[in-house]
Number of protein chains: 2
Amino acid sequence: MKSKISHNVQYAIENVKLARPRKRAAKGDGLLLKREILDAAAELLTQTGSEEGVSIRAVAEKVGVSTPAIYIHFRDKESMIMAVCMEVFNELDRRLEVASSGVDDPVEVLRKQGIAYVRFALERPEHYRIVFMRRSATPLSEVYDIDPVSTNVFQRLLATVHQCQDMGIFPPGDGIQIVLALWSVAHGLASLLITKPYLPWPDIEEFADLIFKMARLGMSAFSEP
Amino acid sequence: MKSKISHNVQYAIENVKLARPRKRAAKGDGLLLKREILDAAAELLTQTGSEEGVSIRAVAEKVGVSTPAIYIHFRDKESMIMAVCMEVFNELDRRLEVASSGVDDPVEVLRKQGIAYVRFALERPEHYRIVFMRRSATPLSEVYDIDPVSTNVFQRLLATVHQCQDMGIFPPGDGIQIVLALWSVAHGLASLLITKPYLPWPDIEEFADLIFKMARLGMSAFSEP
DNA sequence: ACTGTTAAGTTATCACCGTCAACTTATGAT
DNA sequence: ATCATAAGTTGACGGTGATAACTTAACAGT
């Protein structure tokens, strides 16, 4: 398909690589490369717009290092991608925090966080995809030895839900179930928007507002006689 | 990792292949192979449990044919997977139809179809994934020259929603928006169950019931003063 | 300043993947 | 019986994740 051309390109790239080799890290500084790898992988993900674009070779080249060097810091590609996921997940958490900072009404907090959630997903669709739509061999929670419920995102949501319950807005009982329900709604909208953008969606922000209002009203309906 | 062993296995497989070559189809019967390929691909998807397991080579071998033979019937791997998706999508439609056949109350129809939807997704998680979580280069609707809204699934849902609107259960206005909202909820639950099975989910059937009830109540709340 | 240890890489290679160009062969109408 | 052609096969190419075996730069101890 691109035999001759790609050969030339490859040659050029190798020249660049040889011209600017990355300096080897000092003895205790192996983690420096790890950081560079994670950044390169994340950037490559947004650039190419798909996980397939993030090949070990592409990452290595971007960092200016040989391919197997990646394996010094990550067991395999899966681990590398997982590490990127973890960082994306943390960024999502920060976004949710910012979105609802200074807001008192817990219902309004949920609404703002819901919209921030969808917005984040649409801004970084491929990042969102690898976190929430991938078939990961081992769940993040296992790799990083974390109980998913003790995640910041989950705990933040749970606390807000508890507030709503205390105010009688949400029905009493297991708050976790309510969190899962709300999360399902937000995730459903976000992921369907990403994978099926050609469906006849209305204005996204308005529609998100409508759906979250529906969820809130529906949930509240349980606590009324 | 499995150099010696896999070599032997490969050898054995090739023996089998040589021992039982698939008979060449008659002149007008090229579609026979196409059918066999689709079945093999779908079966391989459930067997291996992941799209990566469905390699062109694996499919060809399963059918008992050489690798490039696949390309006689499909432009590329993407097209083959797409064709499988299409069939899965149609099966989902049949499931929804069966699930609500003989039911009159449109609200009950929606509930039954919702549960059938989630059940289908959990029964064939990888099938569901390639239809609803893949980043497809071109949407199904484009490949098959179909307006997504004119899909059976979509039309079926829309008709039921219209019934609910006529009965005053759902608010009047654009039924398509309501369909998208309900679909988002169902998809959110189904896909989150698939990708994050280790979350503290309650009993799935009960929980699905709860979520759909929430959605229904929430939606109805709009049509009340 | 020399040296041995070892962290931080590189080279070379493997098996597998999607894909294609070029060749072969079975089928069925003439 | 012949022959066009549908229905395949052989063999190869470049790209992928991964590994074993080698090299080299950095530092501690003398």
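Proteins come first, then strands; the chains are lettered A, B, ... in the order of their sequence lines, and each starts at number 1.
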Whole angstrom is fine here: how far is it from [atom1] in [X] over to [atom2] in [N]?
X: I81(A); N: dA18(D); atom1: CD1; atom2: P; result: 10 Å
X: F74(B); N: dG8(D); atom1: CZ; atom2: P; result: 13 Å
X: K34(B); N: dA6(D); atom1: NZ; atom2: P; result: 16 Å
X: M80(B); N: dT19(C); atom1: CE; atom2: C1'; result: 13 Å
X: I70(A); N: dT19(D); atom1: CD1; atom2: C1'; result: 15 Å
X: R75(A); N: dA18(D); atom1: CZ; atom2: P; result: 10 Å
X: L32(B); N: dT27(C); atom1: CG; atom2: P; result: 13 Å
X: K77(A); N: dT19(D); atom1: NZ; atom2: C1'; result: 17 Å

Nearest to the side chain of [X], heavy atoms from C-beta on, is which of [options]?
X: R24(B); options: dA25(D), dG8(D), dG17(D); answer: dG8(D)
X: R57(B); options: dT25(C), dG17(D), dG18(C); answer: dG18(C)
X: Y71(B); options: dG8(D), dT10(C), dC20(C); answer: dC20(C)
X: A69(A); options: dT9(D), dT10(C), dT19(D); answer: dT10(C)
X: P68(B); options: dT25(C), dT9(D), dT10(C); answer: dT9(D)
X: H73(A); options: dG11(D), dG8(D), dG9(C); answer: dG9(C)
X: S66(A); options: dG18(C), dT10(C), dA25(D); answer: dT10(C)

Margin query: Surrounding NZ of K77(B) (heavy atoms of other residues, nucleotides or ligands, distance under 6.0 Å), is the total greater than 12?
Written below: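 Buried by this count: over 12 neighbours within 6.0 Å.
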Check: Charged N to carboxylate O below 4.0 Å: is that the case for E78(A) and R134(A)?
Finding: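 Yes, E78(A) and R134(A) are salt-bridged.
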Check: Salt bridge or not for E205(B) and R119(B), using N-O below 4.0 Å?
Finding: yes
Check: Is I72(A) touching bases, backbone alone, or none of the nucleic acid, heavy atoms closer than 4.0 Å?
Finding: base
Margin query: Both E52(B) and T67(A) contact DNA chain C. Which one's nearest nucleotide lies toward the 5' end?
Written below: T67(A)
Notebook entry, point to check: Toward the 5' end of DNA chain C, which comes first, L33(A) or I56(B), by nearest nucleotide?
Noted result: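 Comparing both residues, the 5'-ward one is L33(A).
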Notebook entry, point to check: H127(A) and T46(A): side-chain donor and acceptor closer than 3.5 Å?
Noted result: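 Per modelled atom types, H127(A) and T46(A) side chains form no pair under 3.5 Å.
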Margin query: The test is side-chain contact (heavy atoms from CB on, under 4.5 Å); show your working for T151(B) and Q155(B) and say whether it passes.
Written below: CA-CA 6 Å; T151(B) 298; Q155(B) 282 302 319; over 6 Å; no
Next item on the list: Considering just the side-chain nitrogens and oxygens of R22(B), establish if one lies under 4.0 Å of OP1 or OP2 belonging to dG8(D).
Entry: yes
